[in-house]
Visitor: 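Before I ask anything, let me first share the structure, which is written out below as structure tokens.
Proteins come first, then strands; the chains are lettered A, B, ... in the order of their sequence lines, and each starts at number 1.
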Amino acid sequence: MEILVCVKRVPDTSENEIEVNSDGTDIERDDLVYSVNEWDNYAVEEAIQIKDKVGGSVTVVTVGDEESEEVLRREMAMGADNGILLEDDAFEGSDGKGIAAILKAAVEKGNYDLILTGAQADDGAAQIGGMLAAMLDLPYASLVNFIDVSDNKKLKVGREIEGGNQEMNEIELPCVLSIQTGINEPRYVGIRGIRKVASVEIPTHGASDLGLGADSVGAGAAKVKRLDYFVPELGEGAEMLEGSTEEKVAKLIELLKAKGGIK
Amino acid sequence: MAQFFAYIVHKKGAADDSAYELINAAKKIDSSAAVTAIVTGSGGDLDKVADEVAAAYPEVWKISNDALAYPNAEVVRKALLNNLPSDAVILMPHDTFGMDLAPGLSIKLDAAFISDVADFEGVDGTDIKVIRQEFSGQVSTHVKVDMAGGAVITVRPGVFQPDESKSAGGAVTDKDAGDVSAKRKYLEVLVAEVGDVDITKSEVLVSVGRGIEDQDNLEIIHELAEAMGADVACSRPIVDAKWLEKSRQVGTSGLTVKPKVYLALGISGSFQHMGGIKGNPFIVAINKNPKAPIFQLADVGIEEDILEFIPELTEAINEAK
């Protein structure tokens, strides 16, 4: 099975506190640690496991800049065979539809049976997989947490729905699936693994290579534009306990006893 | 002004809470909007839901077809495309169904798409200004959406007040689903297994999140729960890492709990997690990140590293016994 996985480089929320910059135009990006979007990493692991079962290849693709190459290499170190970087100044300011249009053009340059994306990203809108599928006129399922590849014409997939329940579907190939976290256990990638793929060439395609005009990608085509960032006020806020650790422990125990939290 | 629609999620003949929130969400965009509810499905359950929501919406489109008996997003999309006008602005909840349907629908309608909207802040010409959250609620953004060619909008459940008046006395109109053949077929729903402890019945929950850092550290959580006579619950990353069973997960993709006291330990407080906590419990948040959204939602907060604080708390509770 020829599998394409769409991935994205994002600020790593387990390594960073995300803060708004001084003029509210962006998040504070100095000293941010970036990594591959967590959901995408599960998608790549799933693709590799499918390849190991039924054969084929796994290609990872991203829309980004030179720095996004590290994300592609990391996923190649996991076991993806190829990486493709989609990079062009004309892509700047694209909204979700623009990104999906860029990926669609890249999909059409290949011959894929299965296209995976992460179900969402911390800085995203959970939109790319569904948009890409609709543009390609392929069937789609989101929040996938189970894939059975025993048939080469169709897959059996599970979707995570409310209450921890699982919705089972049959979906014809080729198709697009967005992958939910927890579907597998993504393998660890060590420095040695990344070194191994450090010199593998990653082809880069721009707007003209992909036959994309300014009417379909970039800021000009975007119907959705982020205006600013700000810090939300969600509620009145908690009463913060202050003092030494000992004092905080004592205050908390008192409160818990009063509220019936200690039996 | 564009024509507004609300897609009604329903189950077992009853409309989801979101049905009554969407009408007020649409009115926040345009206070004079006449919003049409769309209900898809089949049989008596569909009739019941259509009649129910007609109390809140001036017009209800009822699309009946056996293929719509279960809401398979690929099938629903076709039924909607066969009926919606080209400049429709359609709202639906940002739940596991809305996430499945909405992005693809926006492409087929050639409409703008915006997801998980937490609030609307007015209209300027054909632009709607919305508020969304990013990074699990650590920051918010204003986003401008051009709805000149229609829009598909998913709305965060629970943030808009539901319409309680139910005085619309709306008319139900039957609509034809049209061709709804699809390459995805719904098979069945597998219901989540019940774990050894039923956290939906617990009065006191000690709930652990990403801040625990390592599986071995869970020991301190179990020790605290034992000292307090509480049960252990967790947020999604702990289940994804397979450190605890799915039956311990609190949140919209896990279980809904109704404890009296909820200790959120190393949990950031994403809306998906908080969406699983009902009944207004006394919430204590302990987190080393002072900017964690949980501190805005909890009753009492402590800025500490749980790995250091919890063992001291447990020891003090045990000493006091």
Visitor: Can you name the closest pair of heavy atoms from A:G164 and B:K246 and give their distance?
Guide: CA-CE, 3.8 Å

Visitor: In terms of heavy-atom proximity below 4.5 Å to chain A, should B:L101 be classed as side chain, backbone, both, or neither?
Guide: neither

Visitor: Does any heavy atom of chain B fall under 4.5 Å from the side chain of A:D95, the backbone, both, or neither of them?
Guide: neither

Visitor: Show your reasoning for whether salt bridge (Lys or Arg N to Asp or Glu O under 4.0 Å) applies to B:R184 and A:E167.
Guide: CA-CA 12 Å; B:R184 174 175 142 198; A:E167 177 197 290; 3.2 Å; yes

Visitor: Checking A:I161 against chain B: side chain, backbone, both or neither under 4.5 Å from a heavy atom?
Guide: both

Visitor: Between B:D110 and A:K97, is the closest basic N to carboxylate O distance under 4.0 Å?
Guide: yes

Visitor: Highest number of heavy-atom pairs under 4.5 Å with chain A: which of B:A320, B:G211, B:A298?
Guide: B:A298

Visitor: A:A133 versus chain B, heavy atoms under 4.5 Å apart: side chain, backbone, both or neither?
Guide: neither

Visitor: Checking heavy atoms, do the side chain of A:E242, its backbone, both or neither come under 4.5 Å from chain B?
Guide: neither

Visitor: Counting only heavy atoms closer than 4.5 Å, note whether A:A222 contacts chain B via side chain, backbone, both or neither.
Guide: neither

Visitor: Could you walk me through whether A:E160 and B:T96 pass the side-chain hydrogen bond (donor to acceptor under 3.5 Å, both in side chains) test, one step at a time?
Guide: CA-CA 8 Å; A:E160 182 182 280; B:T96 63; over 6 Å; no

Visitor: Given that the side chain runs from C-beta out, which part of A:K257 has a heavy atom under 4.5 Å from chain B: side chain, backbone, both or neither?
Guide: side chain

Visitor: Is it the side chain or the backbone of A:I27 that comes within 4.5 Å of chain B heavy atoms, both, or neither?
Guide: side chain

Visitor: Between A:L241 and chain B, which part of the residue has a heavy atom less than 4.5 Å away: side chain, backbone, both or neither?
Guide: both

Visitor: Counting heavy-atom pairs under 4.5 Å with chain B, which one of A:N145, A:V10, A:T181 comes out on top?
Guide: A:T181

Visitor: Has B:Q138 got a side-chain atom pairing as donor or acceptor with A:I18's backbone, closer than 3.5 angstrom?
Guide: yes

Visitor: So, for A:D228 and B:H142, which heavy atoms are closest and what is the spacing to 0.1 Å?
Guide: OD1-ND1, 2.8 Å

Visitor: Please report the C-alpha distance between A:R226 and B:E134 in whole Å, then the side-chain angles of each, then the deciding distance to 0.1 Å, and finally whether the salt bridge (Lys or Arg N to Asp or Glu O under 4.0 Å) criterion is met.
Guide: CA-CA 11 Å; A:R226 195 188 279 116; B:E134 292 189 9; 2.8 Å; yes

Visitor: Just so I understand: if I count every heavy-atom pair under 4.5 Å between each of B:R210, B:E203, B:K260 and chain A, which residue has the most?
Guide: B:R210

Visitor: Using non-hydrogen atoms only, which part of A:K251 is less than 4.5 Å away from chain B: side chain, backbone, both, or neither?
Guide: neither

Visitor: Would you mind checking which part of A:P11 comes under 4.5 Å of any heavy atom in chain B, side chain (CB onward), backbone (N, CA, C, O), both or neither?
Guide: both

Visitor: Does this structure show an ion pair linking B:K108 with A:D137, if we count only N-O contacts that are shorter than 4.0 Å?
Guide: yes

